[in-house]
Amino acid sequence: PIRPEILLSHVSRLWREIALSTPALWSAISIGCDEQWTRFGKLDSNSSVRVELLRKQHCLLRLWLERSGTHPLSIVLSYTDYAEQSELEHLITLVNLITSLSGRWEKVSVYTFPLVLNQISQVIPTKTPLLVHADLHNRSERQPWGVEDQVCLPSVPERMEFVCIKGLSLNVRRLEENRSWTRLTSFAYDPICIHPEPVDDKRFSIEDVYGLLDRCPNIERFVATIRSTSPPHSLPLGQRLELPSLTLFVLSTNSMMDF
């Protein structure tokens, strides 16, 4: 399908002038779109086609960034595997350009393999002053996972409103250092969504869940994979959590692919 900003810019000369002078129209950027390549057959026989698509997307990315001016960006990156080194090199070039503009990220959705996902996740805690929405999925297809497939998000910025993490781990100690997430309304965490027995189990404990909820007074949706359903041993006695906005609360010891 043709993107709406392209359609608007081809209605007439006047509409084109208006479209090109409206940065918000060009601030939503999608890269990868794996579904485009399914019709080309097996991955190993079509890497050259994918490389050519990456080259075209690189040109389009620069054009969109130029036209978006300084407007906050919404980024979608979907690229789950690669067949040859040249393909990876082109993808890394794209990712480097995207991360160099992390100061403009407002929303970021990333569905990719560990090498790229790790590069994205390391930027989020300290170099994304506008970011409020993060949807991160580790799409490593190797079974079983090895250490190189593990990705850790060091921390979650306090300004976040939406956080969804699948196949990554969170640094619980770093989370405990944050005072509160007063803007956070939706949180989902499943570090084992792809393989049931990761090398390093990063699921939350009940105590971790309590500690996180205690810092999210406006939370509406909370979904997490936890280590055990056994009764907690170190929760504050007699202390209630006041979560008036909470409408969905799910804890499971099994991976939850569909949250």
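Side-chain atoms are counted along with the backbone in the values below, which use heavy atoms only and exclude waters and symmetry mates.
- Smallest separation of non-hydrogen atoms from His58 and Leu94: CA-CD2, 3.4 Å.
- In this structure, Gly167 and Asn138 approach most closely via the heavy-atom pair O-ND2, 3.2 Å.
- Looking at Trp105, its side chain never comes within 3.5 Å of a backbone N or O of Lys127 through a donor-acceptor pair.
- Atom CH2 of Trp181 and atom CG of Asp214 lie 10.5 Å apart (nearest 0.5 Å).
- There is no path of hydrophobic side-chain contacts, each under 4.5 Å, that joins Leu77 to Leu130.
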Could you walk me through whether Val156 and Tyr189 pass side chain to side chain contact (heavy atoms under 4.5 Å, CB included), step by step?
-> CA-CA 12 Å; Val156 177; Tyr189 177 57; over 6 Å; no
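- Every pair tested for salt bridge (charged side-chain N to carboxylate O under 4.0 Å, His left out) that includes a residue from residues 16-29 fails, sequence neighbours excluded, so the list is empty.
- Contacts of Thr22 classified as side chain to side chain contact (heavy atoms under 4.5 Å, CB included), with partners at least two apart in sequence or in another chain: Ile18, Leu25.
- Sorted by first and then second residue, the salt bridge (charged side-chain N to carboxylate O under 4.0 Å, His left out) pairs with a member in residues 53-63 read Glu52-Arg55; sequence neighbours excluded.
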Quick one: side chains of residues 66-73, donor-acceptor pairs under 3.5 Å with protein atoms, not counting sequence neighbours, listed by atom name and distance.
| from | atom 1 | to | atom 2 | distance (Å) |
| --- | --- | --- | --- | --- |
| Ser68 | OG | Trp64 | O | 3.2 |
| Ser68 | OG | Leu65 | O | 2.9 |
| Ser68 | OG | Arg104 | NH2 | 2.7 |

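- With sequence neighbours excluded, the residues that form a side chain to side chain donor-acceptor pair (under 3.5 Å) with Glu161 are Arg183.
- Partners of Ser186 according to the side chain to side chain contact (heavy atoms under 4.5 Å, CB included) rule, which considers only residues two or more places apart in sequence or in another chain, are Phe162, Arg221.
- Hydrophobic clustering (ILVMFWY, side-chain heavy atoms < 4.5 Å, transitive): Leu8 and Ile29 are in one cluster.
- In this structure the side chain of Val108 never reaches within 4.5 angstrom of the side chain of Ile98, judged on heavy atoms.
- Residues satisfying the ring pair (Phe, Tyr, Trp, His ring centres under 6.0 Å) criterion with His10, sequence neighbours excluded, are absent altogether.
- For the atom pair Ile75 CD1 and Leu61 CG, the distance stands at 7.0 Å (nearest 0.5 Å).
- When all heavy atoms are compared, the tightest approach of Val51 to Ser86 is CG2-OG, 4.0 Å.
- Closest approach of Pro217 to Pro244, counting heavy atoms only: O-CD, 4.0 Å.
- Counting only heavy atoms from C-beta outward, the side chains of Tyr79 and Ile31 never approach each other to under 4.5 Å.
- Distance check: Leu115 CG to Leu88 CG gives 5.5 Å after rounding to the nearest 0.5 Å.
- For the pair Leu63 and Trp26, the minimum side-chain heavy-atom distance is 4.5 Å or more.
- Linking ILVMFWY residues whenever their side-chain heavy atoms come closer than 4.5 Å, directly or via other members, places Val123 and Leu91 in the same cluster.
- The distance from the CG atom of Leu101 to the CG atom of Asn96 is 11.0 Å, given to the nearest 0.5 Å.
- Side-chain N/O atoms of Asn218 and Ser245 include no donor and acceptor closer than 3.5 Å.
- With rounding to the nearest 0.5 Å, the separation of NE2 in His90 from CD in Gln57 is 12.0 Å.
- Of the inter-residue distances, the one linking Leu136 atom CG with Thr112 atom OG1 reads 11.0 Å to the nearest 0.5 angstrom.
- By the side chain to side chain contact (heavy atoms under 4.5 Å, CB included) test, Val76 pairs with Ser30, Ser109, Tyr111, sequence neighbours left out.
- Closest approach of Ile92 to Gln119, counting heavy atoms only: CD1-OE1, 4.1 Å.
- Residues passing the side chain to side chain contact (heavy atoms under 4.5 Å, CB included) test with Val209, sequence neighbours excluded: Phe204, Leu213, Phe222, Ile226, Phe249, Leu251.
- Closest approach of Pro125 to Ser121, counting heavy atoms only: CD-O, 3.2 Å.
- No side-chain heavy atom of Leu248 sits less than 4.5 Å from a side-chain heavy atom of Glu220.
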